[in-house]
Amino acid sequence: MNYMLRDMIRKSLNSEFDTIYEIINDASTAYKGKIPEDRWKEPYMDEHELREQIADGVEFWCYHQDNTILGVMGIQHKSDVTLIRHAYVRTTARNNGIGGKLLKHLSTLTNKPILIGTWANANWAIDFYVKNGFCQVSHIEKEELLRKYWNIPLRQIETSVVLVSSDFDSKLAF
């Protein structure tokens, strides 16, 4: 019997790759017209890039409701910090607390400081992370952190921000 609790968060299965891919590209439409045009593409994340992210250590977790995945969020352990990567909720399921539940759950999976990168013009995303206890770092710290822990193009570094958990100590990171 395929029984699942009404609401559940669990690590993704290999068989859920297509659903994760679909959710990322559905939810990422919120960025269209908000991020620089030269950074937008369709699909926002192609299958090859998603497979590379997973191969690089991004572990996806899924929020299930009634046997349907409504949200995904990745976690990536990098030496002395943990990164939250690719946080997306289906367009039809937004503003129902799914992102907050995923973030809270993933925060329990590490005892290291958490860093989150997002687009500087994604005010709703920044507000979400601040509401959940994260603080935006200075421009100089952002530049250093993105170069140290992420593998992203210079243009993305220029147009992004980094938020950190309350236990992050910038003196120890540099």
Side-chain angles (χ1 to χ4, degrees), residues 5 7-13 16 20 23-24 27-28 30-31 34-35 39 45 49-50 52-65 69-90 93-174:
L5 299 173
D7 297 314
M8 179 173 70
I9 296 173
R10 69 164 169 72
K11 187 176 175 190
S12 67
L13 305 173
E16 294 168 329
I20 293 167
I23 291 171
I24 288 171
S28 66
Y31 294 123
K34 301 291 183 191
I35 66 172
R39 299 309 312 149
M45 181 183 292
E49 184 180 356
L50 179 55
E52 282 183 337
Q53 292 290 308
I54 293 168
D56 192 38
V58 176
E59 181 180 283
F60 281 93
W61 288 72
C62 302
Y63 179 91
H64 295 257
Q65 186 175 69
I69 300 174
L70 298 179
V72 299
M73 190 174 288
I75 188 169
Q76 186 176 28
H77 302 285
K78 292 274 198 163
S79 62
D80 55 340
V81 301
T82 297
L83 307 179
I84 296 295
R85 307 286 309 272
H86 313 300
Y88 295 99
V89 174
R90 287 185 189 272
R94 285 191 188 139
N95 301 314
N96 289 309
I98 294 169
K101 289 175 184 175
L102 279 163
L103 183 59
K104 183 177 180 179
H105 180 77
L106 269 61
S107 294
T108 68
L109 302 178
T110 184
N111 58 2
K112 298 185 280 188
I114 298 173
L115 309 181
I116 302 169
T118 193
W119 296 102
N121 286 342
N123 295 329
W124 69 93
I126 296 166
D127 292 345
F128 165 77
Y129 293 120
V130 168
K131 180 179 133 190
N132 282 280
F134 290 81
C135 298
Q136 190 172 331
V137 299
S138 71
H139 177 78
I140 292 170
E141 288 176 309
K142 171 211 57 156
E143 296 268 332
E144 293 177 11
L145 292 170
L146 287 173
R147 291 173 197 281
K148 182 173 181 177
Y149 296 111
W150 278 265
N151 182 19
I152 57 175
L154 177 59
R155 180 71 171 129
Q156 191 167 343
I157 291 172
E158 294 169 350
T159 56
S160 294
V161 297
V162 172
L163 297 102
V164 298
S165 57
S166 60
D167 58 346
F168 177 76
D169 185 347
S170 62
K171 293 179 208 100
L172 299 177
F174 307 116

Just wondering, do V162 and F168 contact through their side chains at under 4.5 Å, heavy atoms?
no
Side-chain contact, heavy-atom cut-off 4.5 Å: C62 with E16?
yes
Report yes if the side chains of L115 and R85 come closer than 4.5 Å at any heavy-atom pair, otherwise no.
no
Once rounded to the nearest 0.5 Å, what's the spacing between atom CD of Q136 and atom CD1 of I116?
11.5 Å
From CG (L163) to CD1 (I126), nearest 0.5 Å:
6.5 Å
Verify side-chain contact (heavy atoms from CB on, under 4.5 Å) between V72 and S12, making sure each step is shown before the conclusion.
CA-CA 9 Å; V72 299; S12 67; over 6 Å; no
Distance from N111 atom CG to I114 atom CD1, nearest 0.5 Å?
10.0 Å
Donor-acceptor under 3.5 Å (R94 side chain, G99 main chain)
no
Quick check: closest heavy atoms across I23 and G71, and the distance to 0.1 Å?
CD1-N, 4.3 Å
Does the side chain of R39 reach to within under 4.5 Å of the side chain of P153, using non-hydrogen atoms?
yes
Specify the closest pair of heavy atoms between A87 and M73, including all atoms of both residues, with the distance to one decimal.
CB-CE, 3.5 Å
Quick check on N95: does its CG atom have over 12 non-hydrogen neighbours (other residues, nucleotides or ligands) under 6.0 Å away?
no
Taking atom NZ of K11 as the centre, does the number of heavy atoms from other residues, nucleotides or ligands within less than 6.0 Å exceed 12?
no
Show your reasoning for whether side-chain contact (heavy atoms from CB on, under 4.5 Å) applies to Y129 and L103.
CA-CA 9 Å; Y129 293 120; L103 183 59; 3.9 Å; yes
Between K142 and I157 (side chain of the first, backbone of the second, donor and acceptor by atom type, cut-off under 3.5 Å), is there such a pair?
yes
Quick one: closest heavy-atom pair of N132 and G100, and the distance?
OD1-CA, 4.4 Å
Minimum heavy-atom distance between F134 and S165, given as atom pair plus value:
CD2-N, 3.4 Å
Atom pair CG/CZ of L106 and F60 - distance to nearest 0.5 Å
10.5 Å
Tell me, yes or no, whether the heavy-atom count around N151 atom CG, taken from other residues, nucleotides or ligands under 6.0 Å, exceeds 12.
no
Could you measure the distance from the CD1 atom of I84 to the OG1 atom of T118? Nearest 0.5 Å is fine.
12.5 Å
What's the separation between atom CD in E49 and atom CG in D56, rounded to the nearest 0.5 Å?
11.5 Å
Heavy atoms only: give me the nearest L109-H77 pair and the separation to one decimal.
O-CE1, 3.9 Å
Got W119 and K34 here, is their nearest side-chain heavy-atom distance under 4.5 Å?
no
Criterion side-chain contact (heavy atoms from CB on, under 4.5 Å) on D80 and Y149, from CA distance to verdict:
CA-CA 10 Å; D80 55 340; Y149 296 111; 2.7 Å; yes
Heavy-atom closest contact (H86 atom, V58 atom, distance)
CD2-CG1, 4.3 Å
